[in-house]
**Student:** 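Got a structure here, written out as structure tokens. Questions coming.
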Amino acid sequence: MDTVIRRVRADEWEQGKAIRLDALRDPIAHLAFLDTYENAAARADEFWRDRTAGAAEGDSVCQLVAEAADGRWLGTMTVLVELPGGPGALDGDVIAVPQAHVVGVYVRPEARGTGLAHRLIEAAQEWAWALTEPRLQRVRLFVHEDNARAEAMYVRAGFKHSGASAPVPGDGTGREIELAVERG
């Protein structure tokens with residue numbers, strides 16, 4: 001597939017909203033996201049404008065999109081900068097070093113298995129490693145213990161199990177497993 005991986009632009013909030021809602025309709029959304037379609041669809045347009053604008057510029061959040069030649073978004077992921085002492089992503093999560101946290105990973109079904117997710121991960125790592133202040137020491141993400149396909153893709157992309165895990169918020173039965181890539 002002929003796609004370009006790039007950072008989202010602030011005026012693309014409608015596309016950002018649309019791909020997020022599509023992601024939350026995916027049959028495995030309950031394993032991949034800590035949000036629901038119903039909650040996301042109820043959010044005001046101002047939420048989506050602010051979210052997209054925040055991810056379009058600066059050094060604390062970056063949303064990447066995979067754009068096909070015809071302009072369709074085939075995938076997306078967001079990278080959050082986390083600093084020591086800051087809030088963790090899940091209960092009991094402790095931020096010990098400056099790091100990036102990959103979230104909101106979604107590739108449309110027709111683009112799965114093409115290497116697009118791997119290209120998005122590479123772009124996320126490039127963005128994270130390019131930051132100079134703070135200098136990030138690792139890139140991490142969480143994957144649901146039952147999401148074997150995503151876990152395998154992350155491992156192929158160089159992520160390793162860190163040994164950390166946490167209960168899925170609000171679930172009580174499942175676990176989120178941390179995978180990370182350390183700065184070389």
**Student:** Under 3.5 Å, is there a donor-acceptor pair linking the side chains of H101 and E82?
**Tutor:**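 Present: a donor and an acceptor within the cut-off.
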**Student:** Checking R9 now: which residues fulfil salt bridge (Lys or Arg N to Asp or Glu O under 4.0 Å) with it, not counting sequence neighbours?
**Tutor:**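 Residues passing salt bridge (Lys or Arg N to Asp or Glu O under 4.0 Å) with R9: E12.
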**Student:** Verify the cluster assignment for L116 and I121: are they in a single hydrophobic cluster under the rule of side-chain heavy atoms below 4.5 Å apart?
**Tutor:**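 Yes, L116 and I121 fall within the same hydrophobic cluster.
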**Student:** If we only count heavy atoms from C-beta on, is the P134 to V81 side-chain gap below 4.5 Å?
**Tutor:**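 Counting from C-beta outward, P134 and V81 do come under 4.5 Å.
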**Student:** For residues Y106 and D26, report the shortest heavy-atom separation together with the two atoms involved.
**Tutor:**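 Scanning both residues completely, I find the closest heavy atoms to be CE1-OD2, 3.8 Å.
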**Student:** Can you check whether V143's main-chain N or O pairs, donor with acceptor, with N147's side chain at less than 3.5 Å?
**Tutor:**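 The answer is no, because no donor-acceptor pair under 3.5 Å joins these two groups.
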**Student:** Does R119 reach the side chain of T3, with side-chain heavy atoms less than 4.5 Å apart?
**Tutor:**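 Touching, per the 4.5 Å side-chain cut-off.
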**Student:** Any chain of hydrophobic side-chain contacts (each under 4.5 Å) joining L21 to I19?
**Tutor:**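 Same cluster.
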**Student:** Hey, is the main chain of R175 close enough, under 3.5 Å, to the side chain of E145 for a donor-acceptor pair?
**Tutor:**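 Flag set: sc E145 to bb R175 pair under 3.5 Å.
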**Student:** Take R112 and R108, measure what side-chain contact (heavy atoms from CB on, under 4.5 Å) needs, and give me the verdict at the end.
**Tutor:** CA-CA 7 Å; R112 293 178 187 160; R108 293 191 185 281; over 6 Å; no
**Student:** Measure across P87 and I95 and return the closest heavy-atom pair with its distance rounded to 0.1 Å.
**Tutor:**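 Smallest interatomic distance, heavy atoms only, reads O-CG1, 3.9 Å.
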**Student:** Which heavy atom of H144 sits nearest a heavy atom of G174, and at what distance?
**Tutor:**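 Between these two residues, the closest heavy atoms are NE2-CA, 4.1 Å.
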**Student:** Report the C-alpha separation of R72 and E110 in whole Å, then their side-chain angles, then the decisive distance to 0.1 Å, and conclude whether the salt bridge (charged side-chain N to carboxylate O under 4.0 Å, His left out) test is met.
**Tutor:** CA-CA 12 Å; R72 288 179 309 122; E110 66 269 23; 3.3 Å; yes
**Student:** Would T76 and Q63 count as having a side-chain donor-acceptor pair, cut-off 3.5 Å?
**Tutor:**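 Side chains of T76 and Q63: pair found under 3.5 Å.
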**Student:** Give the intermediate values and the outcome of side-chain contact (heavy atoms from CB on, under 4.5 Å) for residues D50 and W13.
**Tutor:** CA-CA 8 Å; D50 291 347; W13 69 270; over 6 Å; no
**Student:** Could you tell me whether a side-chain N or O of R25 sits under 3.5 Å from a main-chain N or O of Y37, the two making a donor and an acceptor?
**Tutor:**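 Here the side-chain-to-backbone pair does not exist.
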**Student:** Would you check if R43 and W48 make a side-chain contact, meaning some heavy-atom pair closer than 4.5 Å?
**Tutor:**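 In short, these two side chains touch, coming nearer than 4.5 Å.
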**Student:** Can you hop from W73 to L64 via hydrophobic side chains spaced under 4.5 Å?
**Tutor:**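 No; L64 is not reachable from W73 via cluster members.
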**Student:** Any idea which heavy atoms bring L24 and T36 closest together, and the distance?
**Tutor:**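 That would be CD1-O, 3.5 Å.
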**Student:** Should the pair R20 and F33 be classed as cation-pi, given the thresholds of under 6.0 Å to the six-membered ring centre and 45° from the axis?
**Tutor:**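 The answer is yes, since R20 meets both limits relative to F33.
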**Student:** Is there a path of hydrophobic side-chain contacts, each under 4.5 Å between heavy atoms of I/L/V/M/F/W/Y residues, joining I5 to V65?
**Tutor:**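 Hydrophobic grouping puts V65 apart from I5.
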**Student:** Can you name the nearest heavy-atom pair linking P98 to L83, along with the distance?
**Tutor:**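 That closest heavy-atom pairing would be CB-CD2, 4.3 Å.
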**Student:** What residues, two or more places apart in sequence or in another chain, satisfy side-chain contact (heavy atoms from CB on, under 4.5 Å) together with E182?
**Tutor:**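 Result, side-chain contact (heavy atoms from CB on, under 4.5 Å) vs E182: R138, A180.
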**Student:** Please check if M153 and V155 belong to a single hydrophobic cluster, counting links between Ile, Leu, Val, Met, Phe, Trp and Tyr side chain heavy atoms closer than 4.5 Å.
**Tutor:**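 Yes, it is one cluster - the side chains of M153 and V155 are joined through contacts under 4.5 Å.
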**Student:** Mind checking whether L80 and V103 have side chains closer than 4.5 Å, heavy atoms only?
**Tutor:**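 Yes, side chains in contact.
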**Student:** Do L179 and S162 come close enough that some side-chain heavy atom pair is under 4.5 Å?
**Tutor:**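 No. Closest side-chain heavy atoms not under 4.5 Å.
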**Student:** Within a strict 4.5 Å, meaning less than it, do heavy atoms of the T132 and D59 side chains meet?
**Tutor:**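 No, every pair of side-chain atoms sits at 4.5 Å or beyond.
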**Student:** Pick from V107, V105, L74, V102: which one makes a side-chain contact (heavy atoms from CB on, under 4.5 Å) with L120?
**Tutor:**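 Option passing the side-chain contact (heavy atoms from CB on, under 4.5 Å) with L120: V107.
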**Student:** Which atoms form the tightest heavy-atom contact between A53 and A10, and what is the distance?
**Tutor:**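 So the two residues come closest at CA-CB, 4.0 Å.
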**Student:** Do the non-hydrogen side-chain atoms of Q125 and W127 ever get within less than 4.5 Å of each other?
**Tutor:**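 A side-chain contact under 4.5 Å is absent here.
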**Student:** Do H161 and E151 pair up side chain to side chain, a donor and an acceptor below 3.5 Å, judged on atom types alone?
**Tutor:**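 The criterion, which ignores hydrogens and geometry beyond distance, is satisfied for E151 and H161.
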**Student:** Let me know which of T52, D45, D22 forms a side-chain hydrogen bond (donor to acceptor under 3.5 Å, both in side chains) with K17.
**Tutor:**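 Looking at T52, D45, D22, the match for K17 under the side-chain hydrogen bond (donor to acceptor under 3.5 Å, both in side chains) is D45.
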**Student:** Within the structure provided, determine whether D93 and F142 are in side-chain contact (heavy-atom separation under 4.5 Å).
**Tutor:**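 Yes, their side chains come closer than 4.5 Å.
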**Student:** Please identify each residue that fulfils salt bridge (Lys or Arg N to Asp or Glu O under 4.0 Å) with E46, with sequence neighbours left out.
**Tutor:**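 Counting only residues at least two positions away or on another chain, E46 forms a salt bridge (Lys or Arg N to Asp or Glu O under 4.0 Å) with R49.
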